[in-house]
Structures are given as C-alpha cells and as structure tokens.
Amino acid sequence: MVCIVAEPAFAQKVPGLLTAEGIGVLQLNLGYRCNLACRHCHIGAGPERKEIMSAGTMKQVLDVLKSHPIPLVDITGGSPEMHPDLRELIEECIALGRRVLVRTNGVILLEEPYRSLISFYASKGVEVVVSLPHLDPHVTDRQRGEGVFSRVVEVLKRLNAAGYGQEGSGLVLDLAHNPGGAYMPASQASLESSYKRILRERHAIRFDHLFCLTNMPIGRYREYLKKTDNYAEYMAGLVRAFNPATLDNLMCRTTLSVAWDGTLHDCDFNHILGLPVNHGAPDHISGFDMEKLAHRRIVVGDHCYGCTAGGGSSCRGEIT
Amino acid sequence: MGDYYEKKDLEDFPDIGEYAPELGEKYFAYYGEAMKAGLLTEREKALIALVVATTQRCPYCIDAYTNQCLSLGISREEMMEAQHVGAAMTAGIVLAHTTQMRKIIRKKEM
Ligand code: SF4
Ligand code: SF4
C-alpha cells in the first residue's frame, strides 16, 4: 500500500534498525468521523465517515492502561469529540493518574452537543491542542473550510476564558500549525513568536506552545500534491532536507498508536497507510505485550522523510 | 535562456565552494549569520531577501525566498506589499540617476 517513491529509499538512510525505546505515549485514534473535511487531511476524515472505536476495543485499551504505567494518553481522530464515550474514556484515564491530551479542530467545540466539553476538559485538566494552520484567515479557510478561522478564534477565546493558556492555571493550550500548500514549515521558534504576537495583538488570545507539523505526503495531501504537479518537488525537498539528528527523537520511538479498530501502529501515519507494527510485535491491542512492543523494530517507509526533514516533525512539532 | 536558468541548478548552490572550499565556507558562515534572527526577525529578513531577489532578478533566490516567506507564514499581501517597496525603490533609483543625464544636458545645452 506504500506507494511513495523517493530516492534514496528512506530505509537506506537509517543506520542499523530503528527501534522503539519504551512506550511513553499511547495515542488513540477514536475514528475518522469529523465535522470538517480539510484539504490536507491525511486521514481522509469527514462527516460521512463511519469508522469509530467500539466499546469493546476501548475497554481493551483501558485494561492495557490499568496494567501498564504509560504516562500520557494522546487522543485524536477525526474529531475525537464525535465519539460518544469520550468523556468516560477521559475520566477513566484521569482516575488512573494519566496525563490526557485531546487534539481538536476547535470549531466543533462551538457546536451542540460539544460546547460543554470546554468546561469538562478544564475540570479534568485535559491538555488541548487546537489546529490553526495559518494566521491568515483566507489560508486557513481555504484549507479547512469557509469561516473556520473566525470560529477557531472564537473557541480560543472561550478556552482562554476557561483558564486555558493562562499563566499559573496549569491548563495547557497548544496550537498546531501546518503549511497551507506545497512547502515546509519554517522553524517552530519563529512561527511561534509570530503566532503569539499576532493572536495577542489582533484577538487578545494567549496560548502555550505552537507545534509546527510538516504535511505528510499521504492521503488527501498527497492527492493535492499530485494534482498540482508539486509531488516530485515536494518529495525531493524532503529528501534533500533529511536530517539524521532527528532520528533519536522520532515520535515512533516512544509512542504507540492504536487505531479505531484496535490495530497497533508505530504512528498515525503508518496507521493510515495500512502498516501495522511488525517484526514479531503483536499488532492488535487484544494481544498487547509491553516487553515486545516497547522494544519493537519500527516499520519505516518513504513517508518517514516527512518526520526527518529539517528540524523534524512529530505530533509535538519540531524534534531537534 | 534555455540551458542557463534551470530550476535544478538551485540544488547545486550548496556546492558553490567547489574549487575554493575555504572561501565557500566563509561565505556560507557569513550568509548564515546575516540571515538568522538578530535585531531584525527572520520574517523581516526573508522579506528583504525576497525583494532583493526580484530587484536583482535572480530566479533561484526568488524561488528560495518565496518558499521561505510561505514557510514563515508571511501572507501573500505582505509579500506583494514588500515587492512594491522594491518596485518603488527601483523606479526611484532610475529617476534619481536621471540627475546625471539632466546635469549633462544642462551643461551641453546652449
Ligand atoms: S485535518 Fe483534522 S479537522 Fe480536518 S478533516 Fe482531518 S481530522 Fe478533521
Ligand atoms: S512516519 Fe514518522 S513517526 Fe511514523 S514510523 Fe515513520 S518516522 Fe516514525
């Protein structure tokens, strides 16, 4: 299913084998349903998608968390809010003493019945990561849909009002930036300072960190690159920018990603590409084996150039 | 211009130190220092570089700095506004240099 052709193949760039070093983060993809259908979505999420984590799989996830001290649960989708058992899942994770982080497009938190999630997140100390691809409303709207920018601004104000992003509140509000076209993000530090200044000056919004994500050449984004004849140049740019210093901090080395159907992956990208964990580690949550998974050999492909270009990219942004 | 300006030539730029490696290294060290954030931000420097690229008509730099401005989240409107600074400056420089022409005319005319 991997059909990216890069020269030289990524595997050749890795000295020896890429292996995991424990599991510090359990990332849960609750499904592909989303209120938006963004043009760069590597998941291909949208309102019409039906895939969703079953109660049985969620129970298996919680059983794993009960018996293994994985410190951080990173919840994503689609729109994780559209999973009917999200609150329960968060409550159980918090009761187990885990840090919980929810990735959201933000705008869904203005809609019924999701509006009350803001105070729920705040009461549980959930860390929130809101996607805001660009400070220019047109660029954000082109990528995510008409009116998205102003709705994200509104939701960020509400999050601020609930204590998020305010000094001393302990409520972490992070933003995620990704380029609105066929180019790579600049350094996280410079973009974070622009975001902080402009959001404060124009909208009186505060937040903690900006994560700069490189768009992965898979899914809808890949189709866009192909359609606009940007694919070859984009891939060549990623290959040229390959930075071996990123290899030590790749998120797959400390993260295990659980798909909505319970399949285990080295990351959400491998999940979308249909590449479960391999090399002898169990590939479903029902067969979870900490020993094997914590030291598993990682499944790589040419999309991994997306994580290793320049300063590197992970769910938490730059990695070098 | 056919073979002279090709997009892939830009990839050769990092090897510009060939035949004179020490000078090449010094150039890149200087270039790196000059372009990184100092009193001016990376954004400001990228916009200056973009305008220099168009006023000096270097297709490689136009490519590189258009991408860099996009990467830095600089809006299309900001980039275009910067280009008008370059255009106005260029027009101004042409007109300012007509001083020489006018001086000569004044001297030569009876
Ligand atoms: S990028 Fe995020 S918000 Fe947009 S469609 Fe995909 S999952 Fe939904
Ligand atoms: S895409 Fe990135 S996170 Fe996933 S396996 Fe490759 S390097 Fe690791």
Side-chain angles (χ1 to χ4, degrees), chain A residues 7 40 131-143 149 175-199 201-202 210-215 228-230 232-243 309-311 313 317-318, chain B residues 5-18 24-25 28-29 31-54 58-85:
Chain A
E7 280 300 332
H40 69 297
S131 299
L132 181 56
H134 210 286
L135 292 165
D136 182 339
H138 301 298
V139 181
T140 290
D141 286 3
R142 229 179 28 230
Q143 189 173 125
F149 182 86
L175 298 187
H177 159 90
N178 67 279
Y183 52 90
M184 279 176 252
S187 79
Q188 194 156 282
S190 63
L191 278 160
E192 184 178 273
S193 79
S194 308
Y195 265 66
K196 286 213 161 150
R197 179 173 55 81
I198 291 175
L199 287 176
E201 284 172 5
R202 296 192 193 151
L210 180 74
F211 300 150
C212 289
L213 316 182
T214 301
N215 286 322
T228 53
D229 199 22
N230 275 306
E233 193 185 328
Y234 188 76
M235 278 312 291
L238 290 182
V239 172
R240 245 194 339 269
F242 173 76
N243 177 4
S313 175
E318 236 174 47
Chain B
Y5 283 121
E6 288 187 66
K7 195 173 173 56
K8 66 174 171 19
D9 293 343
L10 183 53
E11 287 167 34
D12 185 53
F13 188 61
D15 297 326
I16 226 75
E18 199 183 6
E25 250 171 59
F28 279 116
Y31 182 89
E33 274 304 306
M35 294 308 287
K36 76 177 196 214
L39 294 177
L40 300 182
T41 62
E42 271 184 75
R43 289 180 115 246
E44 288 161 340
K45 291 189 175 185
L47 283 168
I48 293 171
L50 177 67
V51 174
V52 171
T54 47
C58 173
Y60 308 123
C61 294
I62 294 172
D63 187 341
Y65 283 100
T66 302
N67 272 287
Q68 174 68 356
C69 287
L70 289 171
S71 292
L72 282 159
I74 298 174
S75 71
R76 287 77 179 141
E77 291 78 6
E78 288 171 298
M79 285 157 74
M80 201 60 208
E81 204 173 303
Q83 294 293 14
H84 279 288
V85 175

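Basis for what follows: all heavy atoms, side chains included, without hydrogens, waters or symmetry-related copies. Below, chain A is the first sequence line, B the second, and so on; all start at residue 1.
With a 4.5 angstrom heavy-atom cutoff, A/L191 touches chain B only via side-chain atoms. Neither the backbone nor the side chain of A/S193 comes within less than 4.5 Å of any heavy atom of chain B. Neither the backbone nor the side chain of B/E78 has a heavy atom closer than 4.5 Å to any heavy atom of chain A.
Side-chain N or O atoms of A/Q188 include one that pairs as donor or acceptor with a backbone N or O of A/E318 at under 3.5 Å. For the pair B/K45 (side chain) and B/K36 (backbone), a donor-acceptor distance under 3.5 Å is present. Judged by distance alone, the side chain of B/E44 and the main-chain N or O of B/T41 form a donor-acceptor pair under 3.5 Å.
With sequence neighbours excluded, the residues that form a salt bridge (Lys or Arg N to Asp or Glu O under 4.0 Å) with B/D63 are B/K7.
Taking B/S75, B/A46, B/G73 one by one and counting their heavy-atom pairs under 4.5 Å with chain A, the maximum is reached by B/G73. Of the listed residues (A/H177, A/H138, A/H134), the one with the most heavy-atom contacts under 4.5 Å to chain B is A/H134. With respect to chain A, the highest number of heavy-atom pairs below 4.5 Å among B/N67, B/I74, B/L70, B/L72 belongs to B/L70.
Within a 6.0 Å radius of CD in B/E6, other residues, nucleotides and ligands contribute more than 12 heavy atoms.
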